[in-house]
Protein chains: 2
Amino acid sequence: MTVRGDAELMARAAHLFTGARHEFVCAARDLDTWSRPEARRSMARRKPGSVASGLTVKKLFTPVALADEAARAHLREVVANGVEVRISSTPLPHETIVIDRRVMILAERDGPGPREYTVTTSPTLVNGVYSLFAAAWDAATELTAYLRGDAPHLDDDSRAVLRALGAGYTDETAARHLGLSLRTYRRRVAELMETLEADSRFQAGLRAGELGLTG
Amino acid sequence: MTVRGDAELMARAAHLFTGARHEFVCAARDLDTWSRPEARRSMARRKPGSVASGLTVKKLFTPVALADEAARAHLREVVANGVEVRISSTPLPHETIVIDRRVMILAERDGPGPREYTVTTSPTLVNGVYSLFAAAWDAATELTAYLRGDAPHLDDDSRAVLRALGAGYTDETAARHLGLSLRTYRRRVAELMETLEADSRFQAGLRAGELGLTG
DNA sequence: CCGCACGTGGCAGCTTGCTGCCATCGTGTT
DNA sequence: AACACGATGGCAGCAAGCTGCCACGTGCGG
């Protein structure tokens with residue numbers, strides 16, 4: 001089943017949203033859809049009772065969803081309502097929703113015309129998509145953890161230090177390799193560990209890996 | 001379009017496999033499908049010329065696909081043929097194939113009857129699934145890297161050590177916390193670092209993260 | 001019983017990592 | 001010029017991590 005435009009989707013699929021009993025998961029590039037007024041309203045109507053009634057809600061976004069402060073505030077609010085939010089560092093479909101593992105809704109990439117939605121209940125398709133979602137979900141990082149670690153705010157120096165650490169050099173060879181004194185190199189490592197909120201170098205390595213600073 | 005059984009799939013969708021021009025990706029729990037004789041043969045016919053002609057092939061499996069030696073040997077052979085193989089530590093759909101980002105084939109979880117396949121060309125569905133696949137793919141680890149670090153072969157003790165390291169404890173508190181002597185704890189850490197082929201604790205943390213040993 | 005292998009733990013000494021202190025140097029401000 | 005500020009590096013001392021050595025206990029086969 002294919003519908004065009006948000007209005008038609010809401011008209012024909014609203015019962016799917018409100019009828020979610022056990023689980024509601026969605027993956028999206030950004031918050032675009034839910035920030036549209038009409039969608040917001042119907043979602044708002046659904047949300048309050050939902051979390052209390054044993055419904056788990058999972059939302060997976062790309063970092064694009066954190067672009068502006070309004071979006072971050074909205075996500076924080078959503079989290080406060082018991083919704084699990086994770087951020088994936090890899091591209092995501094523009095919109096994918098799976099409800100109770102029985103029905104799913106996919107949205108096409110934005111084109112010139114109204115957005116096109118596809119609603120499917122085929123168990124084969126839904127299960128396949130659900131499993132892929134689960135894999136992407138497991139690999140993503142919790143929103144709070146993501147906001148805590150400021151991955152993008154690292155300068156080139158810090159990245160160089162990170163690479164040296166990742167290469168397994170001892171401090172002395174790493175410092176020589178980077179043209180730094182031992183003291184300064186260790187200072188840099190200490191700063192890095194502070195920004196990563198790591199208590200040990202092992203933990204720092206773990207965090208660095210989590211935040212995708214390896215590549 | 002839905003087909004039942006491997007024979008019917010091959011009869012009706014063989015041209016899709018042989019017609020792949022640019023990209024062939026699949027995600028599966030194990031090698032079950034391709035180890036079946038008839039499927040193997042038609043794949044074998046397709047493979048040789050494929051990699052040479054600018055076709056990229058990506059295969060994503062769970063660790064289940066590495067269960068027996070025959071499977072590992074087959075995967076090594078496949079890799080030698082230029083196919084990219086990655087292992088995801090999270091559950092995957094039983095079978096998902098996307099060809100040239102235009103058509104996809106999903107297989108239902110094995111039931112009592114013949115396996116059921118769904119072939120779809122809807123751009124919305126295919127793009128959605130493709131993006132999810134890409135996210136799962138990016139998060140998975142290269143087969144060679146996976147085989148090098150023996151993630152699954154870690155006993156509970158090692159996992160406990162790993163958790164202690166990840167928690168940022170000092171060796172002393174970690175040892176006390178695990179009921180080990182300092183000496184033994186450090187022995188364990190050294191062993192762990194050896195199996196992870198890490199030269200430093202930082203590197204060990206990085207590897208542990210890469211291999212998905214955080215959870 | 002003896003010997004053997006293996007895992008464990010204590011000890012000691014060494015290396016590595018960590019950090020406070022101070023001197024130096026360059027930059028930019030008053 | 002004088003000054004402040006920040007970044008750097010040397011030094012020293014301490015903390016943490018690493019490992020070789022030996023001793024002890026346990027289990028196993030001779």
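Numbers restart at 1 for each chain; the letters A, B, ... are given by sequence-line order, proteins then strands.
Distances shown here put every side-chain N or O of Thr184(A) at or beyond 4.0 Å from the OP1 or OP2 atom of dT8(D).
Identified under the salt bridge (charged side-chain N to carboxylate O under 4.0 Å, His left out) test for residues 122-138 of chain A, with sequence neighbours left out: none.
Taking Val103(A) as the reference, Leu16(A), Ile99(A), Val119(A), Thr121(A) meet the side-chain contact (heavy atoms from CB on, under 4.5 Å) condition, with sequence neighbours excluded. Annotation: side-chain contact (heavy atoms from CB on, under 4.5 Å) contacts of Ala174(A) (sequence neighbours excluded): Ala164(A), Tyr169(A), Tyr185(A). Residues meeting the salt bridge (charged side-chain N to carboxylate O under 4.0 Å, His left out) test with Glu172(B), sequence neighbours left out: none. With sequence neighbours excluded, the residues that form a side-chain contact (heavy atoms from CB on, under 4.5 Å) with Arg187(A) are Arg183(A), Glu191(A). Partners of Arg102(B) by side-chain contact (heavy atoms from CB on, under 4.5 Å), not counting sequence neighbours: none found. Among residues two or more places apart in sequence or in another chain, the ring-ring contact (aromatic ring centres under 6.0 Å, His included) test is passed with Phe202(B) by none. Qualifying ring-ring contact (aromatic ring centres under 6.0 Å, His included) partners for His22(B), counting only residues two or more places apart in sequence or in other chains: none. Partners of Glu84(A) according to the salt bridge (charged side-chain N to carboxylate O under 4.0 Å, His left out) rule, which considers only residues two or more places apart in sequence or in another chain, do not exist here.
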Could you pull out the protein-nucleic contacts involving nucleotides 25-27 of chain D (nitrogen or oxygen on both sides, under 3.5 Å)?
none

Restricting to nitrogen or oxygen on both sides, can you table the protein-nucleotides 4-7 of chain C pairs closer than 3.5 Å?
none

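Heavy atoms only, all atoms of each residue included: Met193(A) and Ala204(A) are closest at CG-CB, 3.9 Å.
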Readout for nucleotides 12-23 of chain C: B = base within 4.0 Å of protein heavy atom, S = sugar-phosphate only, - = neither; 5' to 3' it is -----BBBBB--
